[in-house]
Protein chains: 2
Amino acid sequence: MAGTHQLATLQLAIMQVLWRSKEATVAEVREALAGDRDLAHTTIATMLVKLERKGVVDHRAEGRAYIYRALIEPQQVKSTMVTDLVERLFGGNLTAMMTHLLDESDVTREELSRLKALISRKEKETHDDV
Amino acid sequence: MAGTHQLATLQLAIMQVLWRSKEATVAEVREALAGDRDLAHTTIATMLVKLERKGVVDHRAEGRAYIYRALIEPQQVKSTMVTDLVERLFGGNLTAMMTHLLDESDVTREELSRLKALISRKEKETHDDV
DNA sequence: TGACACCTTCTACCGGAGTAGTAGAATTAA
DNA sequence: TTAATTCTACTACTCCGGTAGAAGGTGTCA
């Protein structure tokens, strides 16, 4: 099971900053998160160390500062976390998850037709290659 | 924010047993979980105490044993957890979540048409009552 | 009535997330 | 040169999930 990465809330928030800006120092991450969450400089730094130990970010020194960058793609994290939730909540049943999403949230007409188009496109792509 | 319940993996697994069987003793929960997870009796018992403290289960004594039952509905938990993930991962954008699901998982033809039917049904339900 | 089996309760421990203070190095300003 | 600023490194602490041993209560049955 390589490349599966569960990330907690703050960790994910930090990663999202890195994904957006390619690279960032502790101060820059902190700046980007300010407003939603006002955290101490050291808190961000600590989290980045933990993320690095986890192998999902990397850093290089530039002068006195460390510049961090993400080592994994948003897609990997999303896949892991969504798949995991579908597994835990719906026993891996994708349609059940979709049904829930459609039932519980108020989707607009426009979104519905966009989804329909998406499915049609997907149907064309899906050859009988199972 | 009442009625929002985040549950971790084991907690959710235990709740699912309770939802299926309406009521269960510690031993029964343990039995139901055996195979996937072989846990000590006391582990389940401890988790149930924690879940009770959290207000999501309840118990009554019958003879020497406690019989537990769920106090919340599966739907409440699913809503909370799905909504939360969509928020954290896709900034609350439902369509983005759906797109991801369609792109990343290998959906079969059959599932696709079932989804299409689902959307059509939803479209009929959705009056312009926004 | 004593031995055993079954149950809950209490307590404890580990690890990870989150939060941050403090120390010490380095760079800049005065 | 000294003082202030700005970083990282180290440490620690709380909370929670998960896991389970030890202890103590209670029922059963020969």
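Computed from a predicted structure; not experimentally measured. Note that these values count all heavy atoms, side chains included, but never hydrogens, waters or copies made by symmetry. First the proteins, then the strands, lettered A, B, ... as listed; each starts at 1.
Distance NZ/K116(A) to CG/L118(B): 11.5 Å, rounded to 0.5 Å. The CD atom of Q6(B) sits 9.0 Å away from atom CG of L85(B), with the distance rounded to the nearest 0.5 Å. One distance of note links CG of L89(B) with NE2 of H100(B); it measures 7.5 Å at 0.5 Å rounding. Of the inter-residue distances, the one linking R69(A) atom CZ with D58(A) atom CG reads 4.5 Å to the nearest 0.5 angstrom.
Following chains of ILVMFWY side-chain contacts shorter than 4.5 Å, one cannot reach I67(B) starting from L18(B), and the two form parts of different hydrophobic clusters.
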Checklist line | B/S/- contact track for nucleotides 20-25 of chain C, protein heavy atom under 4.0 Å | finding: BBB---

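Near-neighbour residues of DNA chain C inside residues 59-68 of chain B, defined by a heavy atom below 4.0 Å, number-ordered: R64(B), A65(B), Y66(B). Shown for residues 16-23 of chain B: no residue has heavy atoms falling under 4.0 angstrom of DNA chain C.
When side chains are defined from C-beta on, F90(B) counts as touching K78(A), because their heavy atoms get closer than 4.5 Å.
At a cut-off of 3.5 angstrom, the base of dG16(C) holds no donor-acceptor pair with the side chain of K50(A).
Within 4.0 Å of V49(A), counting heavy atoms only, lies no atom of the nucleic acid at all. Heavy atoms of R37(A) sit under 4.0 angstrom from primed sugar atoms or phosphate atoms, though from no base atom. Within 4.0 Å (heavy atoms only), A8(B) reaches sugar-phosphate atoms of the nucleic acid but no base atom.
Each of I119(A), L115(A), V107(A) was checked for a side chain to side chain contact (heavy atoms under 4.5 Å, CB included) with M98(B), and the lone residue meeting it is L115(A).
The heavy-atom pair separating M15(B) from I72(B) by the smallest distance is CE-CG1, 3.9 Å.
Rounded to an integer number of Å, the gap from CD of E52(B) to C1' of dC10(C) is 16 Å. One can place NE2 of H5(B) at 13 Å from P of dG17(D), the figure rounded to the nearest angstrom. Taking atom CD on E28(A) and atom P on dT6(D), their separation rounds to 15 Å, with Å as the unit. In this structure, the CD atom of E31(B) is 17 Å from the C1' atom of dC7(C), given to the nearest Å. I44(B) has its CD1 atom 14 Å from the C1' atom of dC7(C), to the nearest Å. Distance, L33(A) CG to dG18(C) C1': 13 Å, rounded to whole Å. Look at CG on D36(A): it is 16 Å from C1' on dG18(C), rounded to the nearest Å. The CG-P distance, from L51(A) to dG18(C), rounds to 9 Å in whole Å.
Side-chain N/O atoms of H41(B) include none lying less than 4.0 angstrom from OP1 or OP2 on dA20(D). Between K54(A) and dA17(C) there is a side-chain N or O to OP1 or OP2 distance below 4.0 Å.
Ring geometry for Y66(B) against H59(B) counts as parallel: the plane angle stays under 30°, on a 0 to 90° scale with 60° as the upper cut.
Side-chain contact, K50(B) with Q11(B): no donor N or O sits under 3.5 Å from an acceptor N or O.
Of the charged side-chain nitrogens involved, at least one lies within less than 4.0 Å of a carboxylate oxygen, so that E23(B) and R60(B) count as a salt-bridged pair.
Between the side chain of S21(A) and the backbone N or O of A24(A) there is no donor-acceptor pair closer than 3.5 Å.
The nearest heavy atom of DNA chain D to V26(A) and to Q6(B) marks one nucleotide each, and the one closer to the 5' end goes with V26(A).
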